[in-house]
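Have a look at the structure below, then the notes.
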Amino acid sequence: MRDTDVAAPAQVRLGAAIRLGASAARARIFRRPTALAVFLGLALIVVATVIERRAGSAGAVDRVLGGTFRLIVPLVTFAVAAAATGHDRLREAVWPLARYGASRRDIALGTLLAAVVASAALAALFAVLSVVLAHGSGEPPLLRDAFQSAWIGALTASAYAAWFSFGALFLRRGRGRWIPLVLDILFGASTGLLGAVFPRGNAANLLGGAAALQLSQPASSAVLAGSAVLLTLFASLLCRE
Amino acid sequence: MTMLVLAQVHARDAAGPNGRARGAITALSLVLGPGIHTFLGAPEDGTLALFDALRGARRPLKGKVTVAGHEPFSTASIRARIGALGPEPRLPPAPTVGAAIRLALEARGEVRDRGGAVLDPLGLSSLHARRPGSLGFAEARAVELALALTTPAPLLIVLHEPLADVAVAQMAAIPRRLHEVAAAGACVVAMTSSPADARALEGRILVLHRGFLVREAGGGGAGLALDEAEITAWVREVPGEPGVRELAAALTRRPGVHRVTWDDGARAGAPLRALDSESLAGAGPSRAGRAGPALVRVRGDSAEVCAEALLDAAVESSVTLAAIAPTSPDLAAVRAATDTLLRMRAAAPRASIALTSTPLPAPVITLASPRQPTPLTPPVSVVEPEPPARETAPEPEPEPNPEPSPEPARALPEAAVDAASGAEKKESPHA
């Protein structure tokens, strides 16, 4: 049968398009640069644990977790989010599939979801590793501590990934993703409004640190989850046809 | 059936450094139907801008592009029926070529996996298991071309340089497949900067010039350049017997032949040598042990004159010809011809100099004129050849240069333009 005789295909459905976008993002994430970033993150955690345990086992878990959430989670998530979009603008990143007829919005949603899930999984791994390596006598039970740190890490990384993906809508080659990273580093730890908006302040609150705008821990969790969901949806909507 | 409509489209590409525009199209209005339509021009003439607008990658700055009544930029379902080969390959990200093809097919909405049917027709099956990153530029473009040519129920196939930088062993399969697709009712649009490739596609040739659609070449690319015709002949050389040098010497004595260049193939990449009768008087037998094919190029009044001279000279010098083919002008010659035609049009505003060398056949409906082609006054008509003016008649084949020059056509000096215009008027049956 000649290919030109093939009937006109039906429009690809939302679920299928999201799966396509996620597949493409997964193929971009599972590459050497991302693996290198993850490996560096793991190495930093090990080094930090060794240093903190030498300084004293009391409170070592908190100090290692603080370093992990301040430095490693944002940077590795940044690498993952950038890889998911091929280090390009989000609209350009969805084009290799959208050109074949899938909706840009749906492909973008799949791409962002893949970035969020991958970042959350890696952050949870980092958090668990930090707790397990730095855990000492007099600390809370290991399992409970690891579980709590894991979901805080996953939630924080999801919010970071959403922020970076949203930033990738702007500037050439998606360099707008640097804006939330820089703002988070500069102002995210404050106890003011920006501290309540960006993930850093809310993560610190969930880990037992100072709360921005006197937010409760459930409120910080809601801010992180809300920013992850809303920014992901908003970014994909901005990629619509 | 109308497939593709461009209405006063202004567009530019982003292929320059830092995303700046490399070329643009200005006020392009066009209606194309099924068939093969080749736009001849460089990226600076707007081929890339037109390509991006047609495949829906970039929204036009002004105007509207519609395929079967829908804008490809904003209608995903239309893009599923547009096959495209871009200047830079961008396969869907996947671990293998086969997986990338599966993603593309799924994105098109194809439910059955026919990955093999995509690559096999172009002989690319060996690429199936390769990583996309390991593909060379031409290989990746070949895979994209294979995807474009297997678009289901295609409305539009838009290809940038389909015969260049594609790692397809049987290049003849590409035009053949394009003709099949066009015969099935699709509109095939190709962009190329090679007049030879444009001719090889055997479709209509539309010349883009500095962002404007200025003219259409005749059948087989006739009239692309104003220069006289040129023919290339490959000579079968036998050591100790007359060869390409003797043939060249005989050619210089033929009437209607203006220039003969030859290459005995002794050194690969050796430049062609220009000959005249005197320099060939003492030409000895050809050298044996050639490194490349021996060929001779003949330039003369017309292709027929060149071919006749070539055959006569071959008989006279007892040389066996292996092949003969018309030589395509290069893009510079086409541009020079276009510039010359535009200058003639500007210099003789009352003379109706048709910039389309042949009447526009179906399925093209109109080639609307640009609103204000800035360098020219009055605006150049790119509409179908107008009805004859009162004092002149449109020429089906513009012959603006009454005395063909041995050099490639360049923009004529004012005197030459005037003379050419005068000649144009003198030939008019209404003069």
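As the structure is a computational prediction, the values presented were derived from the model and not from experiment.
- Rounded to the nearest 0.5 angstrom, A/S103 OG and B/R79 CZ are separated by 7.5 Å.
- Only the side chain of A/R31 comes within contact range of chain B, with heavy atoms under 4.5 Å apart.
- Contact annotation for B/L147: only side-chain heavy atoms (C-beta onward) come within less than 4.5 Å of a heavy atom of chain A.
- Shown here is A/F147, whose CZ atom has no more than 12 heavy atoms of other residues, nucleotides or ligands within 6.0 Å.
- A heavy-atom distance below 4.5 Å is found between the side chains of A/Y100 and B/P92.
- Heavy-atom contacts from other residues, nucleotides or ligands closer than 6.0 Å to CZ of A/F234 number 12 or fewer.
- Scanning all heavy atoms of the two residues, the minimum distance from A/P96 to B/L91 falls at CB-O, 4.1 Å.
- Heavy-atom pairs under 4.5 Å with chain A were tallied for B/A84, B/A57, B/S77, B/A94; the largest tally goes to B/A57.
- For A/A17, no part sits under 4.5 Å from any heavy atom of chain B, backbone or side chain.
- Here A/R172 is the residue among A/R172, A/R28, A/R91 with the most heavy-atom pairs under 4.5 Å with chain B.
- Rounding to the nearest 0.5 Å gives a distance of 10.0 Å between CG of A/L97 and CZ of B/R90.
- At a 4.5 Å heavy-atom cutoff, the contact between A/R19 and chain B is made by side-chain atoms alone.
- Looking at heavy atoms from C-beta onward, B/P72 lies out of side-chain contact with A/R99 at the 4.5 angstrom threshold.
- Chosen from A/S23, A/A25, A/G86, A/A24, the residue pairing most often with chain B at heavy-atom distances under 4.5 Å is A/A24.
- Between A/R104 and B/F73 the shortest side-chain heavy-atom distance falls below 4.5 Å.
- When side chains are defined from C-beta on, A/V12 does not count as touching B/R108, because their heavy atoms never get closer than 4.5 Å.
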